[in-house]
Amino acid sequence: MSDWKKSVFPAIGVIATIAAFIGGSEIRTRQDTGLAVRKIPQSYLAGIESPSETAVNVPEGELFYQLLLLLERDYVDPKIDEQKLAYGAVKGMVEGLWDPLSQFLQQDHFEEHERRLTGNFGGAGMEMRMISDGTELAKVQRGGRSSDPLLLRPILQVATVVPGGPADVAGIQVGDQILGVNQKWILGYTDVVKVRGLQKSLASGKISAVEFDRERGEFQKRAKSAISIARAEDLLDMGEGKIVPLTWSRGGREMSATLTTKTTKLTMLKKSPDGSYRLRLFKGVSKHLGSLDATNGEITIDLRQSTLGDPTELVGVLEHLAPAGKFGQILSQRSGQPRTLATTKGAPDGRHYKLIVDKSTRGAAEILALALKARGLAEIVGGPMASEPVWIETTALGDGSGYTLNTGRFASSSLEARK
Amino acid sequence: MKSIAYFFLTAIIVCVAFLTGLSWRDLWANRPPSISAIRSLFDPKASSTKSPTELFQDQYNHIVVASAMNVSPTKLKYSAMSGMFAALGDPHTSFLERDDSDSLKLETRGDFVGIGARLGDDPAGARVVMVFKNSPAERVGVKGGDSIIEVDGKTTAGLETSQIVNRIRGKEGTNVRIKVIRVGTASPLNFTIKRATVVLPSAEGRFLEDSKVGYITISGFAQPTTQQLDHAIDDLLAQKPIGFVLDLRSNPGGLLDAAVSMIGRFAEGKPAVTTKRRGGREETLFTPVGHKKNIKVPVMILMNEESASAAEIFSGVLQEYKLATLVGEHSYGKSSVQNVVPLIDMSSAKITIAKYYLPSGTDIGRKLDEDGEYLSGGLRPDVEVIPNHNEDTVLGLPEKDAQLRKAIELIRQRSNLGQTNLRELIRKPG
């Protein structure tokens with residue numbers, strides 16, 4: 001064998017070995033990440049560890065994967081549940097939106113959410129909305145930092161009361177604020193505002209330091225026996241047969257009662273003796289909307305106590321109630337093309353509706369009312385609605401948890417409605 | 001023949017290299033190679049479930065487009081990473097965004113330029129927990145228990161304690177104006193304080209004349225702390241105390257080695273703390289031999305919920321060896337070691353890499369219930385004393401410090417002097 005052959009073959013062997021190693025690791029990475037194209041900047045071929053003077057942007061999927069590797073190597077407990085970390089990341093994103101209408105829901109809460117979309121309400125039989133200090137919330141929503149994070153602690157306000165449910169029986173009304181559960185306080189931003197007010201009075205000399213210190217002691221005492229929002233929701237939103245002492249306020253007046261949680265079922269479509277229909281946008285309602293009878297040439301639909309409802313039913317419902325066409329748009333805060341709410345099939349012309357609404361008409365039902373009105377098909381009767389015509393999507397995750405995502409508000413545009 | 005043998009050998013090496021490449025991730029994480037990775041090579045459909053990265057990426061892609069909120073993709077990305085770390089359920093493992101990791105560097109620095117006071121949380125701003133001896137704050141008359149409501153004319157309302165600390169710190173020699181409220185004083189007090197370099201005193205002794213008790217505050221565990229403790233003990237022993245009170249309240253910990261060598265002043269050549277790293281690697285630190293102090297009087301340790309880490313090791317070991325009695329509140333429950341890994345996007349990852357265990361094998365790690373409220377963890381005091389918030393408390397002054405008072409009372413009960421004093425008391429009125 002000649003000399004050059006002697007050196008070339010081992011060289012090919014070494015190159016093939018290195019290539020095989022790199023190829024193997026690359027295949028594994030693709031298996032693990034599932035990303036078809038991975039563009040790895042030269043600067044972090046060796047991983048993402050290392051302090052640097054200038055920040056190198058790492059795309060989200062790559063960062064997640066690299067951090068997963070880092071935790072696998074370094075974290076004290078080698079048994080890391082990677083799926084759980086992925087769901088944790090989703091939870092982080094949903095919470096990072098700072099949107100009271102987008103919520104990550106653990107397994108039990110998500111099951112309850114899905115049951116509610118079919119009209120079965122557990123717990124106290126109500127829907128609550130979380131309200132934080134508006135200015136402070138807007139600041140973090142824009143991606144800024146809160147200068148007073150305590151002001152972000154939400155308060156719980158009753159948004160819907162399920163008729164015949166435990167909350168309804170106890171006399172709770174839409175708009176009431178839940179103050180405490182199980183003899184524990186819910187510490188919300190309103191309490192913090194009170195303390196801040198005292199601080200201002202102190203600074204301007206209206207109250208003495210001694211008085212201030214006493215009030216502050218009260219606040220700290222309450223803070224120590226506070227219940228978290230999550231735990232309060234656990235008690236109020238789910239389950240049957242639990243005895244829950246509850247305190248709430250209406251217009252500054254405190255009230256309390258002890259409820260026993262139970263499941264309350266609501267019908268999605270029911271005809272009343274007076275010929276009107278009560279409609280709620282639960283899953284499957286569009287299939288039941290065969291033909292609605294008119295009295296005096298007008299169909300009366302009661303949209304009160306409607307709950308948030310399922311917006312995916314909306315298109316089906318509109319197909320039954322209105323002629324095909326555009327109704328309006330779902331607008332979000334981000335720039336870009338808004339989505340259009342429109343139907344391609346429709347009911348024959350000439351129908352007219354009378355819609356009965358109040359402040360418990362929200363979500364999908366409120367969109368329905370606004371959409372029908374925008375087309376001049378309906379007359380709206382009753383008090384102002386909740387002003388929450390939001391399109392809330394529900395996403396299920398593989399482990400039984402899931403999240404709701406506020407994708408925008410409905411806005412009718414009369415120009416477009418005319419086609 | 002020979003060349004065929006070489007060919008097969010090379011082929012085998014190439015195959016091994018390929019498989020090594022395929023399972024480098026497992027080997028790196030110190031676990032057996034994944035069989036499913038090899039299996040899915042031959043049958044790509046075998047792994048129909050989505051990988052965690054894909055799962056996350058899908059939801060990211062959905063939220064970034066569909067959400068009604070005007071959130072920036074970068075913010076969303078970092079929210080995700082924070083959530084990912086939070087899912088581990090360990091309060092000390094966290095993802096730190098760029099801003100957060102900057103302030104972390106500042107905090108871990110040893111000495112600093114400031115006014116020389118330790119601050120604690122308070123809804124009104126920050127509460128002065130302790131004023132260091134000979135510090136600028138002490139010179140102008142700032143006292144423990146004062147609440148800082150303004151710094152340089154700006155309100156501290158709503159700021160976190162760390163942010164207030166950052167406002168007070170600054171260039172050496174410059175002035176900072178603070179406004180405080182003090183219990184029992186009708187109007188707020190104003191102070192102008194010249195900033196100076198403050199070296200944290202970590203162990204300081206004082207002889208309490210009234211009770212003849214040696215009182216030592218240990219506020220941290222740094223390199224010189226052991227030596228400072230030696231001086232304090234020697235000085236106090238010369239004055240023949242009836243007991244020692246070691247004050248480790250609000251001691252956040254520090255160097256583990258310092259804590260172990262300090263335990264050596266009370267117990268020689270004994271196991272102090274076992275560190276368990278991942279993969280079951282264990283390391284036990286023993287206390288040094290030849291430094292034991294001749295202490296024959298009762299020793300009390302004061303602690304509270306802000307006593308953490310090395311402070312808990314120090315107290316817990318002395319408690320387990322029955323060399324000291326713990327008085328006060330349960331401690332924090334920090335029983336792990338963290339490593340901060342800087343990342344190339346200038347964020348960083350703080351990861352728990354090891355856990356501490358006391359000689360008895362106890363893990364004092366803090367556990368929280370679903371409310372995020374304290375459930376268990378930390379050392380249990382032998383004698384519990386919860387301070388009254390509304391009381392005017394000055395740490396280190398027996399007449400204004402209920403926990404210290406209790407410790408002195410216990411020392412008296414355990415020493416003969418307690419009885420002598422009683423006799424004296426009986427005699428006095430007569």
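Below, chains carry the letters A, B, ... as their sequence lines are ordered, and counting in each starts from 1.
Within the 4.5 angstrom heavy-atom criterion, atoms from both the backbone and the side chain of Ser67(B) approach chain A. Of the atoms belonging to Tyr87(A), it is side-chain heavy atoms, and not backbone ones, that fall under 4.5 Å from chain B. Contact annotation for Ile351(B): only side-chain heavy atoms (C-beta onward) come within less than 4.5 Å of a heavy atom of chain A. In this structure, the portions of Lys355(B) lying under 4.5 Å from any heavy atom of chain A include both its backbone and its side chain. With a 4.5 angstrom heavy-atom cutoff, Ala349(B) touches chain A only via side-chain atoms.
Against chain A, the residues from residues 7-16 of chain B that qualify, each with a non-hydrogen atom under 4.5 angstrom away, are Thr10(B), Ile13(B), Val14(B) in number order.
Taken to the nearest 0.5 Å, the CG atom of Asp58(B) stands 11.0 Å off from the OG1 atom of Thr395(A). To the nearest 0.5 angstrom, Leu88(B) atom CG is 5.0 Å from Tyr75(A) atom OH. Taken from OG1 in Thr155(B) to CZ in Arg196(A), the straight-line distance is 8.0 Å, to the nearest 0.5 Å. With rounding to the nearest 0.5 angstrom, the OG atom of Ser51(B) is 9.0 Å from the CG atom of Leu68(A). Interatomic distance, Gln66(A) CD to Met81(B) CE, rounded to the nearest 0.5 Å: 11.0 Å.
Each of Ala17(B), Pro73(B), Ser23(B), Ala87(B) has some count of heavy-atom pairs under 4.5 Å with chain A, and the biggest count is that of Ala17(B). Note: Gln333(A) leads Glu393(A), Gln333(A), Arg339(A) in heavy-atom pairs under 4.5 Å with chain B. Top candidate by heavy-atom pairs under 4.5 Å with chain A, chosen from Ile63(B), Val71(B), Asp90(B), is Ile63(B).
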N/O donor to acceptor pairs below 3.5 angstrom from side-chain atoms of residues 88-101 of chain A, sequence neighbours left out:
from	atom 1	to	atom 2	distance (Å)
Lys91(A)	NZ	Glu95(A)	OE2	3.4
Asp99(A)	OD1	Leu101(A)	N	3.0
Asp99(A)	OD2	Ser102(A)	OG	2.8
Asp99(A)	OD2	Asn406(A)	ND2	3.1

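The side-chain heavy atoms of Glu60(A) and Val64(B), taken from C-beta on, include no pair separated by under 4.5 Å. The side-chain heavy atoms of Phe56(B) and Leu85(A), taken from C-beta on, include no pair separated by under 4.5 Å. Residues Pro52(B) and Phe64(A) form a side-chain contact, since some pair of their non-hydrogen atoms from C-beta on lies under 4.5 Å apart. Contact of the His92(B) side chain with the Val76(A) side chain is not registered, since no non-hydrogen atoms from C-beta on lie closer than 4.5 Å. Counting heavy atoms from C-beta on, the side chains of Leu70(A) and Leu343(B) come closer than 4.5 Å.
Remark: Arg409(A) pairs with Ser387(A), Pro389(A), Val390(A) by the side-chain contact (heavy atoms from CB on, under 4.5 Å) rule, at least two apart or across chains. Under the rule for a side-chain contact (heavy atoms from CB on, under 4.5 Å), Ile15(A) has no partner lying at least two apart in sequence or in another chain.
The two residues Gly408(A) and Ala68(B) have their closest heavy-atom pair at N-CB, 3.4 Å.
Screening Val58(A), Leu63(A), Asn57(A) for a side chain to side chain contact (heavy atoms under 4.5 Å, CB included) involving Ile344(B) leaves a single residue, Val58(A).
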